[in-house]
Amino acid sequence: MTAAPALPRCLWFLVAGTTLTKAGAFVFPYLTIYLSQARGLGLPIVGTVLAVGGAGLVVGNVTGGWAADRIGRKPTLLAALVINAVGFLALSQPDATPATYATWLAVGYVGTGMYGPAAAAVVSDETPPASRSRAYAALYVGGNVGMAVGPLLGGILAQTAYGWLFIGDAATTLACAGLIAVGVPWRSPPRDTRRVEGHIAVWRAYPRVLAFAAASVFLVAPLMGLEYAVPLLVARTFAADLVWVGAIYTINAVTVLSLGMVVERWLRGRSDAWAMVLASGLWTAGLLIAAVGRSLPALVGCTLVWTLGEIIASIVVPSHIAARVPARVKGRMLAIADVARSAAGMTAPVVLGVTWARWGVDVALGLLVALPLIGGSLYLFAARRAKASR
């Protein structure tokens, strides 16, 4: 197998900035505990606050994809980081109403949502097809390097003073903006060349691309559910120290760091749909471990398994989209996968919170197990259809 070309220098600035801001992502892993224990909000209200934040992510995804195509990738990235820092700093105010917390969380998440499509578009612009999946893998691994240390540091800060979570998060976000400003080039937005040749075929491909990206919601919804559930499992069900919340994130991140590029090499030349079937199976198997085991060791084992599915999906989905749409709409089309993730982030906390409160942890975990089974069925249908059409 021929080695992929080296990645351009500007992408390493993007990877480094993403790593830095993820290393400072202190707020979200502890937001459920912060709102429920430090601010005294009930679980259904906390779920609603997080859902409003998810709505901010959706708005940010759509805005970021549009802005990346219309005003350029770099200005969109810089605006996203500043908006995120402002929102999270304002979220730290004490004794605010749930509506105020929800509003500022939504503002911060607008910035978070804008960042993903613009960063994915930079990767697509700056890399040839032969090295594109490697570039997406590098960006994904870089973010997880940050997540390997961020939640652990956040756990230490949370036990000292919750206010430091918000200050540290905003500071690293602005430092990421500095790296983007220095290392990522300014480029004019891609223009519509209006070439007739192949134009109709491209537009006919869009529904298939949209369906492929949208089906990934059944894999990311359990991830959003776990981000809500893990702090509660650790603090309430297992009565363990909060540092274990950070430890779970670290296990996830170390697994990505160790195996991310290995999985990317294995994926080269393989069917995207069949790869997503495998990802769905790994998600299901991992969640079953947690649902059946109901213990900290089971949660650790669960994380090791489902992370492999997350690696596959995080590489395959953006690479699949970038290979099938023209540059002038890549920002908006790459935003579809982010919208699917954000929609899951908006609904999963509410659904899981209500399910947990009414029927208990067993039913909540069972719901998480069912979701990737649905996603795997959809991708299996796509894989078989593609095989039959050959």
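R73 places a side-chain N or O within 3.5 Å of a backbone atom of A68 that can act as its donor or acceptor partner. Put simply, the side chain of S314 never gets that close to the backbone of I311: no donor and acceptor are under 3.5 Å apart. Counting only distance, with no hydrogens or angles, the side chain of Y101 and the backbone of Q93 share a donor-acceptor pair below 3.5 Å. Distance alone, capped at 3.5 Å, is enough to place a donor-acceptor pair between the T19 side chain and the G142 backbone. Distance alone, capped at 3.5 Å, is enough to place a donor-acceptor pair between the D69 side chain and the G331 backbone. Between the side chain of R132 and the backbone N or O of T127, at least one donor-acceptor pair lies under 3.5 Å. When atom types are taken as modelled, the side chain of Y379 and the backbone of D272 share no donor-acceptor pair closer than 3.5 angstrom. Here the side chain of K74 pairs no donor or acceptor atom with the backbone of P185 at under 3.5 angstrom.
Note that the CD1 atom of I167 and the OG1 atom of T172 stand 12.0 Å from one another [nearest 0.5 Å]. With values rounded to the nearest 0.5 angstrom, T97 atom OG1 is found 11.0 Å from I45 atom CD1. In this structure, CG on L365 lies 8.5 Å from CG on L287, to the nearest 0.5 angstrom. The line from SG of C176 to CG of L14 is 7.5 Å long, rounded to the nearest 0.5 Å. Distance CD/E126 to CG/L7: 11.0 Å, rounded to 0.5 Å. Atom CG of residue L304 and atom CG of residue L299 lie 10.0 Å apart, to the nearest 0.5 angstrom.
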Scan the side chains in residues 289-298 for donor-acceptor partners under 3.5 Å anywhere in the protein, sequence neighbours excluded, and list what turns up.
{"unit_1": "R294", "atom_1": "NH1", "unit_2": "D362", "atom_2": "OD1", "d": "2.5"}
{"unit_1": "S295", "atom_1": "OG", "unit_2": "A298", "atom_2": "N", "d": "3.3"}

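Side-chain contact between W104 and S92 is absent, with no heavy atoms from C-beta onward closer than 4.5 Å. For the pair V361/W356, a side-chain contact is recorded, criterion being any heavy-atom separation below 4.5 Å from C-beta on. Between L267 and V316 there is a side-chain heavy-atom pair separated by less than 4.5 Å. Using a 4.5 Å heavy-atom cutoff, the side chains of V317 and I321 are in contact. With a 4.5 Å cut-off on side-chain heavy atoms, W66 and P117 do not count as touching. Counting heavy atoms from C-beta outward, R268 and R134 have side chains that approach closer than 4.5 Å.
Counting all heavy atoms, side chain and backbone alike, C10 lies closest to G183 at CB-O, 3.3 Å. The two atoms that bring A221 and A348 nearest to each other are O-CB, 4.0 Å, heavy atoms only. Listed here is the closest heavy atom pair of T255 and L308: CG2-CD2, 4.5 Å. Nearest heavy-atom pair across V123 and A135 is CG1-CB, 3.5 Å.
Here the two rings, on Y109 and F88, have centers that are under 6.0 Å apart.
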Would L352 and L368 count as a side chain to side chain contact (heavy atoms under 4.5 Å, CB included) if you check the C-alpha gap in whole Å, the side-chain angles of each, and the deciding distance to 0.1 Å? CA-CA 9 Å; L352 202 63; L368 292 180; 4.2 Å; yes

Could you walk me through whether L81 and L174 pass the side chain to side chain contact (heavy atoms under 4.5 Å, CB included) test, one step at a time? CA-CA 7 Å; L81 292 163; L174 294 176; 5.8 Å; no

Can R341 and L223 be said to form a side chain to side chain contact (heavy atoms under 4.5 Å, CB included), step by step? CA-CA 9 Å; R341 183 187 183 97; L223 177 59; 3.4 Å; yes

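With salt bridges taken as basic N to acidic carboxylate O contacts below 4.0 Å, none links R187 and D125.
A donor atom on one side chain and an acceptor atom on the other are found under 3.5 Å apart for T18 and Y115. In this structure, a donor-acceptor pair under 3.5 Å is present between the side chains of N252 and T307.
Between H320 and F212, the angle of the ring planes stays under 30°, which puts this pair in the parallel group of the 30/60° scheme.
For S377, there are no side-chain hydrogen bond (donor to acceptor under 3.5 Å, both in side chains) partners at least two apart in sequence or on another chain.
With side-chain heavy atoms closer than 4.5 Å counting as contact, directly or through intermediates, the hydrophobic cluster containing F13 also holds L20, L179, V182.
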